[in-house]
Amino acid sequence: MILVAGAGTVGLSAALFLVHHGMEVMVVERREGPDVHPRATGVGPRTAELFREAGIQDAVNAAAIEMTTGLGKITAPTLASADLKALAAAAPPRPVQVANRFGAFSPAALRGICPQNRLDEVLLKAVLDRGVKVAYSTALTSFTQDATGVTATLEAAGGEGASASDAAWRREGEPRHPEVAAWRREGAARQRESATLRRETAARRPEDAARGPVDSARGPEDSARRPEDAARGREGAARQHEDAALGREDAALAALGREDAALGREDAALGREVVRAEYLVAADGARSGVREALGIGVSGPGALGDALMNILFEADLSPYTRGHSFVNCGTDAGMLMTIDGERTWVLHVRREDGMTGARCRELVRAAVGDDGLDVNVIGAQPWRVRGQLADRFRDGRVLLAGDAAHTVPPLGAFGMNTGVADAHNLAWKIAAVVDGTAGPGLLDTYEAERRPVGALALEQSLVRLTDPRLHWGTGPEAAAARAEAGAVNAPIVHLGYRYDSSAITDACTDLPSTEDLVLDGSPGSRVPHLWVEDGVSTLDLVASRFTVFTNTEEWVKAAESADLAAYRIEAEWLPENGMLLVRPDGFVAFRTSDPSTDLGKVMRRLLAS
């Protein structure tokens with residue numbers, strides 16, 4: 001079993017990808033349920049690809065907000081003062097913008113934004129449908145690890161009991177402590193065996209006693225049998241000693257049973273549970289308790305700017321949107337963000353001491369520009385922009401992902417998307433090690449590959465904070481400004497990064513461009529997208545396994561002899577008479593035109609096996 005700490009977007013994504021690779025997964029979350037606050041709204045193209053691979057792209061797309069006539073970021077003193085019709089006429093709709101940026105590079109795209117709370121609902125349903133155990137109101141309070149796994153103590157958080165899904169899995173008859181249940185079954189069997197032996201011994205004793213007078217009457221005839229009787233007596237004594245030993249063992253087992261029962265009662269009273277997992281994935285947020293317990297430090301600027309308040313509210317803004325939508329609108333009062341495109345919105349403002357519901361409504365009305373607006377405040381959540389990177393992403397059998405590994409400012413939509421890609425990179429590697437396909441050294445490549453990507457996302461978000469136009473700007477002037485500021489264009493941060501680790505042979509780490517996305521089949525880059533038939537991309541053909549792409553039949557045969565999936569296609573990024581070996585996560589692991597290559601040997605090297 002793999003234990004995931006944290007049921008946010010990254011934790012649920014980790015569970016989804018792990019169960020997709022055949023792992024048994026349990027997720028624990030100290031909150032009572034999914035967060036109703038949307039937080040991030042931008043699902044990047046790489047994340048959309050990963051959800052497509054896991055079979056939930058349609059569900060995520062259905063949860064996304066229709067942005068057919070949508071705009072990106074707009075700015076106005078108030079929403080009422082913004083002329084959305086004129087802005088829409090001057091700029092192509094957001095889906096067209098996204099298609100222009102990513103359409104040639106990815107088979108996956110959403111119809112608009114998908115706020116995190118809506119995304120989490122899709123992910124939660126997906127993992128529960130696939131048999132993942134999700135326990136809300138449950139805190140991971142301590143853990144230890146050894147050479148074979150992690151032992152974790154779970155406790156009810158805030159006095160709340162187990163989640164609905166936890167109750168459901170107990171109703172199905174699964175034990176909460178499978179290892180304890182197995183011990184009890186074994187102990188009961190041993191007790192039954194001991195009782196049977198005692199009954200057999202007791203049954204023999206009257207028979208032996210009855211033989212005494214008969215044997216005496218026989219006199220000399222039986223004197224010859226005395227050595228035999230002595231032997232029989234010694235045998236009986238041995239049985240008595242054995243019986244006594246079995247009785248002591250039974251007593252010890254009974255004592256252990258009483259101890260276990262007492263501990264069970266204590267655990268139940270405290271809402272405590274001890275579970276055993278092969279690995280622990282820590283997706284427990286920026287203030288990760290797991291990271292802190294491991295003593296892993298962080299670097300980076302930390303808290304940035306003013307303390308903020310996320311005001312989630314309902315209101316009818318249709319008189320001001322007039323059928324148009326936008327990602328966010330920067331007003332004098334704060335940043336107004338679309339959540340469902342109809343009645344639910346978020347306003348980000350500077351946090352004030354003692355903010356009340358009345359003050360929240362006042363700020364919303366100021367941002368909209370309507371003092372009489374009917375506003376229902378659903379909730380207000382304090383937060384602060386933060387930038388930090390964990391010094392290490394792994395400690396033995398514990399691995400950090402998402403905000404626990406890297407906390408990225410929101411500008412650029414790099415944070416959540418980077419975290420989901422962490423989970424995807426990690427899932428296939430854990431599965432390969434657990435099922436024996438790969439050696440434990442494969443997990444060392446997780447930090448080697450993902451920490452530089454986390455550092456890039458953090459760096460690029462920080463650069464954009466100084467001038468948001470570096471992110472939103474288009475055209476030659478914006479490109480020149482990015483080059484001068486050292487800003488990498490967003491499509492490259494989302495899709496164009498490259499890996500360098502022992503799970504890549506001859507990685508090409510240098511970016512061909514910081515402005516134009518280039519996916520050319522180089523080892524360490526994501527395999528290029530190519531439609532091979534209606535609705536089927538090269539990424540779909542990878543299908544979460546090692547896959548060979550080639551333009552010759554010889555390589556197809558070589559791949560099949562090495563038990564690898566292989567496809568013969570025509571693509572400009574394939575070497576002449578050569579092949580690409582693509583990993584389960586869609587990244588190119590190896591490229592060659594050498595016909596003498598032993599693919600089995602290549603695989604053993606890549607998998608550290």
Side-chain angles (χ1 to χ4, degrees), residues 9 12-13 16 34 36-74 84-85 87-126 312 314 317-318 320-329 336-346 410 412-421 424 471-472 474 490-491 493-495 517 529 531 534-537 539-540:
T9 304
L12 292 174
S13 295
L16 176 65
V36 298
H37 281 263
R39 310 180 307 284
T41 62
V43 176
R46 179 59 179 158
T47 301
E49 290 175 0
L50 306 184
F51 291 157
R52 176 186 177 99
E53 176 189 338
I56 65 166
Q57 179 184 342
D58 289 346
V60 174
N61 201 40
I65 308 306
E66 179 63 56
M67 298 288 288
T68 303
T69 58
L71 296 163
K73 175 183 171 62
I74 61 174
L84 298 186
K85 182 178 180 180
L87 289 170
R94 180 170 172 77
V96 175
Q97 297 177 32
V98 173
N100 288 343
R101 298 175 89 184
F102 298 110
F105 300 99
S106 178
L110 300 183
R111 59 182 181 153
I113 61 172
C114 187
Q116 231 172 322
N117 60 320
R118 296 167 72 101
L119 175 58
D120 288 355
E121 290 175 5
V122 174
L123 287 167
L124 179 59
K125 182 180 185 304
L312 179 64
E314 292 179 330
L317 303 187
S318 59
Y320 312 107
T321 58
R322 300 179 183 88
H324 296 278
S325 57
F326 53 84
V327 174
N328 58 58
C329 176
L336 187 63
M337 299 187 65
T338 294
I339 300 304
D340 70 357
E342 295 178 355
R343 289 193 54 83
T344 308
W345 315 83
V346 157
F414 302 142
M416 178 193 76
N417 291 293
T418 302
V420 173
H424 187 259
H471 181 70
W472 298 101
T474 59
V493 183
H494 281 291
L495 280 177
L517 178 58
H529 154 61
W531 293 116
D534 260 1
V536 179
S537 165
L539 273 75
D540 300 324

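When a residue number appears, it is its place in the shown sequence, counting from 1. Treat the numbers as computed from the prediction; the structure is a model and nothing was measured.
- No side-chain heavy atom of Pro34 sits under 4.5 Å from any side-chain heavy atom of Asn117.
- Minimum heavy-atom separation, Asn417 to Gly44: OD1-N, 2.7 Å.
- Taken from CD1 in Ile65 to CD in Glu342, the straight-line distance is 7.5 Å, to the nearest 0.5 Å.
- Considering only residues two or more places apart in sequence or on other chains, Ala108 meets the side chain to side chain contact (heavy atoms under 4.5 Å, CB included) condition with Ala48, Glu49, Arg52, Gln57, Ser106.
- With sequence neighbours left out, Asp120 forms a side chain to side chain donor-acceptor pair (under 3.5 Å) with Thr9, Arg39.
- With Cys114 as the fixed residue, the side chain to side chain contact (heavy atoms under 4.5 Å, CB included) test singles out one of Val122, Thr41, Leu119: Leu119.
- When all heavy atoms are compared, the tightest approach of Arg111 to Ala64 is NH2-O, 2.9 Å.
- Using a 4.5 Å heavy-atom cutoff, the side chains of Leu336 and Phe326 are in contact.
- Residues that satisfy the side chain to side chain contact (heavy atoms under 4.5 Å, CB included) test with Val536, not counting sequence neighbours, are Val532, Glu533, Asp540, Leu541.
- His529 meets the ring-ring contact (aromatic ring centres under 6.0 Å, His included) test with Trp531; sequence neighbours excluded.
- Shown here are the side chain to side chain donor-acceptor pair (under 3.5 Å) partners of His494, two or more places apart in sequence or in another chain: there are none.
- We find the CD-CG distance between Glu53 and Leu16 to be 9.5 Å, quoted to the nearest 0.5 Å.
- Within the 4.5 Å cutoff, the side chain of Asp340 has heavy atoms near those of the Arg118 side chain.
- Here the side chains of Leu50 and Arg46 are in contact, with some heavy-atom distance below 4.5 Å.
- One finds the OG1 atom of Thr338 at 5.5 Å from the CD1 atom of Ile113 (value rounded to the nearest 0.5 Å).
- Residues meeting the side chain to side chain contact (heavy atoms under 4.5 Å, CB included) test with Glu314, sequence neighbours left out: Arg343, Thr344, Asn376, Ile378.
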